[in-house]
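Take a look at the structure below.
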Amino acid sequence: MPMEKTFDAAEAEARISAKWEADGAFRAGANASKDETFCIMIPPPNVTGSLHVGHAFNNTIQDILIRWKRMQGYDTLWQPGQDHAGIATQLVVERQMAAAGLPKRVDMGRPAFLEKVWEWKEESGGTIVNQLKRLGASCDWERNAFTMDEGFHDAVIKVFVEMYNKGQIYRGKRLVNWDPHFETAISDLEVENIEVAGHMWHFKYPLAGGETYEYMERDEDGNVTLRETRDYISIATTRPETMLGDGAVAVHPSDERYAPIIGKLCEIPVGPKAQRRLIPIITDEYPDKNFGSGAVKITGAHDFNDYQVAKRNNIPMYSLMDTRGAMRADGRPYAEEAATAQAIANGTEDFDEAKIAAMNLVPEEYRGLDRFEARKKVIADITYEGLAVTKLVKSIDVETNSEHLQLVPFVEDKPVMQPFGDRSKVVIEPMLTDQWFVDTAKIVEPALDAVRQGRTKIMPESGEKVYFHWLENIEPWCISRQLWWGHQIPVWYGLDLSYDGKLEDEEDLDEVDILGLLLSDGMLQRGTVQHCAASFEDVQNGFFDNNADIPNPLSHARIVEVADKHAAIETLAASLAEYNVNQDPTHLVYPVWRDPDVLDTWFSSGLWPIGTLGWPNNTLELQKYFPTNVLVTGQDILFFWVARMMMMQLAVVGQEPFDTVYLHQLVRDEKGEKMSKTRGNVIDPLVIVDEYGADALRFTMAQMASLGGVLKLSEERIKGYRNFTTKLWNACRFAEMNGVWEGHATSQPPQAEARVNRWIISEAAKTRAEVDAALEAYRFNDAANALYAFVWGKVCDWYVEFAKPLFDGDQADETRKTMAWVLDQCMIMLHPIMPFITEELWATTGTRAKPMVHTDWPTYGEELIDADAMREMNWVTGLIDDIRSARAQMHVPAGLKVNLLLVGLDDTAKAAFAANEALIFRLARIESATEAAEVPKGAITVAAEGATFAIPLEGLIDVAEEKARLTKSMEKLAKDMGGLRGRLNNPKFVESAKPEVVEETREKLALGDEEIAKIQAALTRLGEIS
RNA sequence: GGGCGGUUAGCUCAGCGGUAGAGCACUACGUUGACAUCGUAGUGGCCACUGGUUCGAUCCCAGUACCGCCCA
C-alpha cells in the first residue's frame, strides 16, 4: 500500500505509544548494551497537576536525552513520579467534598479525611502521567513513584529522625509566612509578591512625659530648612494595625534629626488612653533616612525586617493575630497585659519567648476584628485623636469663591509589594509560630563544595552564581506545615512530670503527689518533653527514660497515644484519680500525643533521587543509577528544590544526587509574556499535539532550548516544524515511489562510487558529529538546527533532486542504497526529538531488526567524510545556484532550457563538470554544453572557481541589466577584497595573527581576485556591444 | 535597594576574537518525475551607545541607556 501524502499524527501517536508500552520499551535497562548507566529523575509534577507548556518543555528535554542515551546502548532509567503537593491536594479534595455536600474536613476528622484524599488520588492522580505519555515521554512508567507511597514515606520519616538525632532539625518560634486562609505556614515559593496600590500613613508617637526636642531638617548644603519644637516622633507605616504590637521605634544611627531623643520612650498612640504603652527609641542600621520620616516602628512579630531588628536589639515581639488573621481574643484583659509589657519595656521585668507569646496586647475594642477592619479602626481612632500627621490643603469654596486652608491627614498613595498565597490568594501574614526547621547552616557546606569543586555542574553557568549567592546566605528552612495531607512529623510530646523537683522518686506515688499533679496549675503550666522516632512503638523508650526519676509506679506507667495535650491532661488526670482510689498500678497510663503538623512537600521531594530508588534499602537500582546524571528543571526552583536535594542527599547518603543540573526558563508566549488565564495567552500543549502532532511541538521545544535562552513559544513556529515533519515524510515517500526501500534492511553505509552519494554520506557523518556534540553540550537548539539544515537543506533540497536523474543511469543501484541509508540516518538522528514520525517511518520503510526506539545510534565519523566529494559538490551546488540566480535576474523564463558555454575550465573544473553534468543540466535547466574559447557577445556570464560559464542569449538579454548585475556583484567582491588586502598589507597582522588565519586570508583574496577578473572580462565584453 | 541576565535582519533567536547566520515574515516568479504543510530567486544589519585592550572587537574589559527575571 503506497504511503499517504502526509503523516497522520493523531492516528499514529496513540498506536505507537501503546506499542512502546506493550513492548516495555522504556523499562530501566531496555536496549542496554553497555554497563554504563544514564539516569534522569523527573521533577515530580504535583499529583493534582495537569500538563502545561512548562512540563511539555521540561519533559521534552529529558526525553531527548534519555532516548539518545538509550539508543547509544546505555543502561538508562528515566524515573517518573509525582509529589503529594500538600496544600494543593488538600484544597482540591476539600473543594470536591464541598461540591458533593460532604462534611467539612474538621468535622470529618483526620483519618476519614485522609481516606478521602487517597480515594481522590486513586481516581485522578494519574492525569498528568497520561498527558506525559501523549508527549512521548519515555519514562519507565512501571516504576512511577509517589512521595506518599509507603516506602517513600518511610524513607522521609527515617531521614527526619536521623537529622533530628544529629541536631540538624529543631523546633522553634520563628517568623514564617502564614496563610490565614489555609491556616498553615507556607514556603517562600508559595508566596507571590504582587505590587498593589497601598497607602502610607504618618502618625505621631508622643514622647513620654510630654518631653520636647528641637527638630531640624537640612538641605544638601547643610542649611536648615525646617526647625520646630516637637513633642513627638513621626512614623510612617503601611500597616497601622500592627502598631498594637510595636516594641520600639528605630532610627538610623547617623540620623541627626532624632539624635536628641535616642534612648527616650515614646507612646504608641492607640488603645485605651490609660494604658498606652511606652516603647524605646533605638538606633539600628535598618531604617532608611530618606524614606518616610526616617523613623520606623518595630513590630517584630509581624514583619520580616522588623523581626531582624527586634532580634538584634532584644525587643519583645508581640503576636497580635490568630491563625485566621483576626486580632487575638485570647489571654488576659488588655490592661493587665499592657502593664506587663510596660514593665518589660522599662526593664523592670524579665521576659522570655513563651511569656511574650502568651501575651495579648490587643485592646478589648479591637479583639476579634479582622486585620483589615482593625486597620481602619486604628486609623480612624488616631485621626480622631489628632495624632495623624497632617498637611495643609488649599480648597476653594464654590459659593463664596474664597480660599480655605484645611488640615487633612497626610496619607501617601504608593504602590507596595504585598505577599499573597499562591493558592489561597489571601494576603500572607508574617506570624511568629512554633515550627520545625532544618538547621541549613549545618548541612550547606557539602552542597556548596560539590558545585565549587565541579562534582556537580550547573548549566547555564550563571546558575552557579545564583546558587552560591543563595546558599552562602541561607536561612533556616521551615519544614512544618499545619496540614493533614503529608508526612506527619514523627515527634511525640508528653507532659513533663519531673518539673522542679516537686515529684521525688525517693518515695512511691502518694496522695500529695497526685493532688500536686491534679491541681489546675499542676500540669497545664508544666512544659512538655518530646521524643522523635519512626513510630509510636519506637518512641516509648524515650518517655520511660524521662519518667525514670518520678515516683513509682508512675515511672512505669504504660505509655498510650492520645490526640493532643488537652486529651493528655484529661487522660493522665483520670488515670491518677483511678489509681488514687484503687491503687492498681496496672491501669496507670502516661499519655503522649504526636505533633499534628506535616512536613513541607519540598522536604520529601528533597529526597526524590534516593527515595525513588528504594533507599534506605540498598536496592539494585540504587546501586546502579545513583548518583544520577542530569537533572532538568526550571530555574525558578533552583533554591527550593535543587539546592535542597543537594543538601539532603549529601546529608543522608554523602553523595551528590546528580552530576549536571540543566536549568531552563519559564515558557512564555510569543511576545515573551507569562502565560496566564487572565491574559488569555495560555497555550495548551495537548491542543497543540492534537492539531500539529507531538513531534512538531517537541521539535519546536528543542529548537528554542538554547542555554539560558528565553523560551518564547509561538504557534506559527510549531506549524513550521509540522511542515518539517511533512517534508521528511515526503522524502521517504519519494524514495518509496522510486523503489528505494525494496528489499532494504537496516544497513551499513553503502560503498558508493558517485561523488553525489559520497557527498551526502559525508554530510550525514558531519551531521552526526554535530548532533552528538550539541547534545553532549546540552545545546538542544544546535542539535535541532543541525538536523533541520541537513534533512531539509541538504537531503531534500539537493540530494533528492540529484537522485532523480541518477535513478535512470548506471549508478541507480548505489544511489538507491545510499538514499535508503541516508534517510535511515535522518530518522535515527531525529528520533530523540521526533519519536513518533520516525518510529512510523522506520516501520513503514524497510525490514528492521529492532524498533526505532531501540535502534543503535550511529558512531561513524571521519572515515565516512570524503573531502574531495564535499569540495566537488559544493562547487556543483554553487554553480547551479549561480546559474539559477543569473537566469532569474536576467528574466530568462524558468521553463526555457538553454545552452551553456564552458570557457577556460581547468582540469578540476572539467572533471567536476563532467562527473555531474546530468545534475547540473537538470537543476540549472541546461539543454547542452559546449566548450568555447571565449564568452561571446550578448551572453550571461557566471564565474566559478577554475571556470567561466556563459549562456549565450544574444538579443534576449538586456545588456544594461546584465552590466548592472555584474557590476553589483563585482563591487561587493571588490569591497571584501579591499578589506582582506588591507589586512594582509598590515605587517602587524602578518606577524601577530595565527599562520593559518593569514594563509586563509591569502586564499580568500586570491579566489576573490580571480572572480573579479572574470567578471571584469565579462563586463569588458559587454561593453563591446553597443 | 541587592543579585543574575539581555539589547544582532520586520519578528523570534543563534553566533561570542578573523569582518554576520537560521527560521518565520515579506517581494517576484512557478502545476519542473516526493512535498503548495511546496519549489526557485530576491529584499533586508553603523551586531544599543561611549570608551579601552588587540594587528583585528558583534564577541573580551569598563561605563551609559533601556528591557527582563529573582530576592528585598
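In this text the structure is predicted, and so the values were computed from the model without any measurement.
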Which is true for [X] with a 4.0 Å heavy-atom rule: it touches a base, it touches only sugar-phosphate, or it touches nothing?
{"X": "A:Asp303", "value": "nothing"}
{"X": "A:Ser714", "value": "nothing"}
{"X": "A:Lys972", "value": "nothing"}
{"X": "A:Lys975", "value": "nothing"}
{"X": "A:Phe724", "value": "nothing"}
{"X": "A:Arg733", "value": "sugar-phosphate"}
{"X": "A:Ala894", "value": "nothing"}
{"X": "A:Cys796", "value": "base"}
{"X": "A:Asn305", "value": "sugar-phosphate"}

Nearest-Å distance once atom [atom1] is located in both [N] and [M]:
{"N": "B:U12", "M": "B:G17", "atom1": "P", "result": "26 Å"}
{"N": "B:U58", "M": "B:C69", "atom1": "P", "result": "30 Å"}
{"N": "B:A48", "M": "B:C59", "atom1": "P", "result": "8 Å"}
{"N": "B:C67", "M": "B:C61", "atom1": "P", "result": "24 Å"}
{"N": "B:G63", "M": "B:A25", "atom1": "P", "result": "42 Å"}
{"N": "B:G10", "M": "B:A72", "atom1": "P", "result": "40 Å"}
{"N": "B:G51", "M": "B:A57", "atom1": "C1'", "result": "13 Å"}
{"N": "B:A22", "M": "B:A41", "atom1": "P", "result": "13 Å"}

Between [N] and [X], is there an OP1 or OP2 to side-chain N/O distance shorter than 4.0 Å?
{"X": "A:Lys968", "N": "B:U43", "answer": "yes"}
{"X": "A:Asn723", "N": "B:C38", "answer": "yes"}
{"X": "A:Lys897", "N": "B:U32", "answer": "no"}
{"X": "A:Lys804", "N": "B:A34", "answer": "no"}
{"X": "A:Trp792", "N": "B:G39", "answer": "yes"}
{"X": "A:Ser706", "N": "B:A14", "answer": "yes"}
{"X": "A:Arg779", "N": "B:G15", "answer": "yes"}

Flag the pair [X] / [Y] as yes when at least one side-chain heavy-atom distance between them is below 4.5 Å, and no otherwise.
{"X": "A:Tyr721", "Y": "A:Tyr788", "answer": "yes"}
{"X": "A:Ile688", "Y": "A:Glu691", "answer": "no"}
{"X": "A:Gln308", "Y": "A:Tyr286", "answer": "no"}
{"X": "A:Val661", "Y": "A:Met459", "answer": "no"}
{"X": "A:Trp741", "Y": "A:Leu823", "answer": "yes"}

- State whether the side chain of A:Arg884 and the backbone N or O of A:Ala924 hold a donor-acceptor pair below 3.5 Å, judged by distance alone. no
- Query: Is a side-chain donor or acceptor of A:Asn781 paired with a backbone partner of A:Gln703 at a separation under 3.5 angstrom?
  - Reply: no
Rounded to whole Å, how long is the line connecting atom [atom1] of [X] with atom [atom2] of [N]?
{"X": "A:Glu736", "N": "B:C35", "atom1": "CD", "atom2": "P", "answer": "12 Å"}
{"X": "A:Lys719", "N": "B:G23", "atom1": "NZ", "atom2": "P", "answer": "18 Å"}
{"X": "A:Lys465", "N": "B:G5", "atom1": "NZ", "atom2": "C1'", "answer": "9 Å"}
{"X": "A:Arg816", "N": "B:A34", "atom1": "CZ", "atom2": "P", "answer": "15 Å"}
{"X": "A:Arg717", "N": "B:A14", "atom1": "CZ", "atom2": "C1'", "answer": "10 Å"}
{"X": "A:Ile683", "N": "B:U12", "atom1": "CD1", "atom2": "C1'", "answer": "13 Å"}
{"X": "A:Met704", "N": "B:C24", "atom1": "CE", "atom2": "P", "answer": "17 Å"}
{"X": "A:Asp881", "N": "B:U40", "atom1": "CG", "atom2": "P", "answer": "9 Å"}

State which of [options] makes the closest approach to the side chain of [X].
{"X": "A:His469", "options": "B:G3, B:G39, B:G18", "result": "B:G3"}
{"X": "A:Thr6", "options": "B:C70, B:G42, B:U37", "result": "B:U37"}
{"X": "A:Asp797", "options": "B:U40, B:C71, B:G18", "result": "B:U40"}

Any carboxylate oxygen within less than 4.0 angstrom of a Lys/Arg side-chain nitrogen, looking at [X] and [Y]?
{"X": "A:Glu472", "Y": "A:Arg452", "answer": "yes"}
{"X": "A:Asp306", "Y": "A:Lys297", "answer": "no"}
{"X": "A:Glu715", "Y": "A:Arg722", "answer": "no"}
{"X": "A:Asp303", "Y": "A:Arg239", "answer": "no"}

Spell out yes or no: do the side chain of [X] and the base of [N] have one donor N/O and one acceptor N/O closer than 3.5 Å?
{"X": "A:Glu801", "N": "B:A34", "result": "yes"}
{"X": "A:Arg884", "N": "B:U40", "result": "no"}
{"X": "A:Lys5", "N": "B:C35", "result": "no"}

- Message: Dot-bracket, 5' to 3', for RNA chain B please: Watson-Crick or G-U pairs under 3.5 Å, [ ] where pairs cross earlier ones, | where the partner sits on another strand, dots elsewhere.
- Response: (((((((..((((....[..)))).(((((.......))))).....(((((..]....)))))))))))).
- Note on the structure: The answer to which of A:Arg722 and A:Ser462 contacts RNA chain B further toward the 5' end, by nearest nucleotide, is A:Ser462
- Query: Which residue, A:Arg925 or A:Lys994, contacts RNA chain B at a nucleotide closer to its 5' end, judged by nearest heavy atom?
  - Reply: A:Lys994
- Message: At a heavy-atom distance below 4.0 Å, what parts of residues 977-988 of chain A sit against RNA chain B?
- Response: A:Arg983, A:Asn986, A:Lys988
- Option among A:Glu962, A:Met970, A:Lys963, A:Lys968 that satisfies the side-chain contact (heavy atoms from CB on, under 4.5 Å) test with A:Leu966: A:Glu962
- Return the orientation label for the A:Phe639 and A:Trp470 ring planes: parallel under 30°, perpendicular over 60°, tilted otherwise. parallel
